[in-house]
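Reviewing the structure listed below.
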Number of protein chains: 2
Amino acid sequence: MGDGISHSGGVAHEVLAAVLQVRDGSLQVMLWQRAREPHVGRWALPGGGLCPDEDVEASIRWHLAEKVDVRRLSHVEQLAVFSAPDRVPGPRVVATAFLGLVPCDVDPETPEDTAWHPVAALPETAFDHGAIVLRARDRLRAKLSYTNLGFALTPPEFTVSALRELYSAALGYRVSATNLQRVLSRRGLLEPTGRTAPPGPSGGRPAALFRFTGRGLSVTDPFAVLKPPRSTR
Amino acid sequence: MGDGISHSGGVAHEVLAAVLQVRDGSLQVMLWQRAREPHVGRWALPGGGLCPDEDVEASIRWHLAEKVDVRRLSHVEQLAVFSAPDRVPGPRVVATAFLGLVPCDVDPETPEDTAWHPVAALPETAFDHGAIVLRARDRLRAKLSYTNLGFALTPPEFTVSALRELYSAALGYRVSATNLQRVLSRRGLLEPTGRTAPPGPSGGRPAALFRFTGRGLSVTDPFAVLKPPRSTR
DNA sequence: CCAAAAGTGTTACCGCTACACCCATGA
DNA sequence: TCATGGGTGTAGCGGTAACACTTTTGG
């Protein structure tokens with residue numbers, strides 16, 4: 001020690017992503033089934049080794065390009081490092097885990113061994129990948145409340161009803177369309193496109209179409225409490 | 001590719017911590033001054049290489065034991081991975097960065113080359129360590145609002161005035177003692193010890209002493225908005 | 001005219017902020 | 001009794017939840 005940098009050997013470093021999408025009314029994660037030992041038959045997260053000249057985010061985007069067209073990814077963010085010495089058998093591998101999101105209007109073509117699974121009913125997962133998926137779900141749920149992250153789940157245009165389905169699936173409980181619209185509108189996240197969607201087969205008022213005003217992540221509810229005094233703000 | 005684990009070589013992996021403490025009314029960070037190239041004379045975060053048989057958190061705790069008695073650390077949590085290929089000169093080093101907190105009533109003995117610096121006026125820092133410090137500060141500020149993380153800054157017993165100083169220093173703006181006490185009390189985080197502190201030299205009512213009810217991190221304000229319906233809660 | 005779906009108006013409630021007021025001590 | 005610092009009461013405000021009501025379509 002002493003210079004703050006270890007030059008001693010080094011460990012394998014992989015990047016893994018829990019790519020989430022709302023499909024068929026439930027929050028699902030993209031997994032592939034292992035064909036080799038260890039953990040044959042179990043389901044694993046996509047990813048791979050850290051690329052030599054890329055940082056971890058560029059690396060995970062590169063690996064995901066195999067499984068899902070990168071342009072389909074509406075959001076990618078770091079979750080945490082998983083580094084238990086025995087997290088995978090054999091030589092040590094440290095993993096940087098990511099949350100990835102895909103809008104609900106695209107159905108990326110995926111390889112044979114790859115399938116979507118509801119996060120609420122995961123199959124047998126490989127290594128510590130199950131824990132990573134749950135971490136991703138929790139991060140998504142939290143950020144839906146205090147950021148504009150909803151944009152990453154939606155098509156370019158959508159009705160409030162559709163948005164409610166997305167939020168309900170992601171959060172795991174019924175969200176009120178009325179209040180959802182009000183909260184997002186007050187915060188200036190939602191704007192009407194002026195167009196409307198055709199009514200369903202059984203009639204009903206046609207729904208106005210909305211879009212998110214911004215497509216980059218921004219924190220919209222920064223302080224839960226202990227706000228700075230008004231004059232200082 | 002294909003099995004989700006890279007066995008190709010491996011990179012050096014270091015762990016770094018921004019250890020924060022409120023000292024002299026301001027939020028400060030523990031840094032040590034580099035005596036060797038690269039970046040001679042600049043100030044760096046404590047840390048070191050990933051320990052062979054420990055995960056990243058155990059590793060940073062082990063390295064910090066050199067600089068500051070580990071038992072003084074009231075809280076440690078992961079911040080993020082810093083992995084830009086050129087973040088340090090020479091062979092690539094990936095870093096897992098941590099936030100560490102020390103209660104304000106202890107003054108750990110530190111090595112010669114180590115000193116505390118106000119986060120608001122950092123000296124010239126080495127590599128990307130300045131960015132890590134700012135990330136740590138932001139994480140602390142956020143979590144003071146929606147968790148009980150205050151416990152990590154305080155002595156076992158404290159007055160509300162003292163607590164206000166700590167929160168003000170950490171948040172960077174004046175916090176009202178009145179409302180601070182009410183918010184923390186309502187959430188059940190604060191309880192009176194029954195004892196009182198002696199008044200100052202110029203008189204005044206003696207202040208009641210309080211303590212945090214729990215000493216582990218817990219989220220106390222989980223949903224900013226979009227709360228689940230009451231029946232489901 | 002009725003059913004269905006979308007959207008708005010209104011009320012109630014909760015929690016935080018601000019500020020005035022009361023309490024306990026030393027000089 | 002006054003100054004000083006600690007603690008409480010209370011009114012106001014902002015924001016969300018809940019729900020009734022209106023609007024717009026298809027049959």
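Labels below follow one simple rule: chain letters A, B, ... track the order of the sequence lines, proteins then strands, and each chain is numbered from 1.
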Round to the nearest Å and state the distance from [X] atom [atom1] to [N] atom [atom2].
X	N	atom1	atom2	result
Leu163(A)	dG7(C)	CG	C1'	14 Å
Leu209(A)	dA6(C)	CG	C1'	12 Å
Leu184(B)	dG7(D)	CG	P	14 Å
Phe210(B)	dG7(D)	CZ	P	6 Å
Arg164(B)	dT17(C)	CZ	P	14 Å
Glu165(B)	dG5(D)	CD	C1'	13 Å
Arg186(B)	dC14(C)	CZ	C1'	8 Å
Leu190(A)	dA6(C)	CG	P	15 Å

Ignoring hydrogens, what is the shortest heavy-atom contact between [X] and [Y]? Give both atom names and the distance.
X	Y	answer
Leu140(A)	Leu20(A)	CD2-CD1, 4.1 Å
Trp116(B)	Thr110(B)	NE1-CG2, 4.5 Å
Glu77(A)	Leu217(A)	OE1-CD2, 4.1 Å
Leu153(B)	Ala170(B)	CD1-CB, 4.2 Å
Ala97(A)	Ile132(A)	CB-CG2, 3.6 Å

> Is Ala208(B) touching bases, backbone alone, or none of the nucleic acid, heavy atoms closer than 4.0 Å?
Replying inline: sugar-phosphate

>> Which residues in residues 149-162 of chain A have a heavy atom closer than 4.0 Å to any atom of DNA chain D?
In response: none

> Considering the options Ile60(A), Leu73(A), Val29(A), which one meets the side-chain contact (heavy atoms from CB on, under 4.5 Å) requirement together with Val19(A)?
Replying inline: Leu73(A)

> Yes or no on side-chain contact (heavy atoms from CB on, under 4.5 Å) for Leu144(A) and Leu171(A), after CA distance, side-chain angles and deciding distance?
Replying inline: CA-CA 8 Å; Leu144(A) 284 178; Leu171(A) 292 173; 4.0 Å; yes

> Between Arg187(A) and dT16(D), does any side-chain N or O lie under 4.0 Å from OP1 or OP2?
Replying inline: yes

> Side-chain N or O of Gln181(A) less than 4.0 angstrom from OP1 or OP2 on dA6(C)?
Replying inline: no

> Is the centre of the Phe158(A) ring less than 6.0 Å from the centre of the Phe151(A) ring?
Replying inline: no

>> Across nucleotides 19-27 of chain D, 5' to 3', mark each nucleotide with B, S or - according to how protein heavy atoms within less than 4.0 Å reach it.
In response: B---BBBSS

> Should we say atom CZ of Arg23(B) is surrounded by more than 12 heavy atoms from elsewhere, each under 6.0 Å from it?
Replying inline: yes

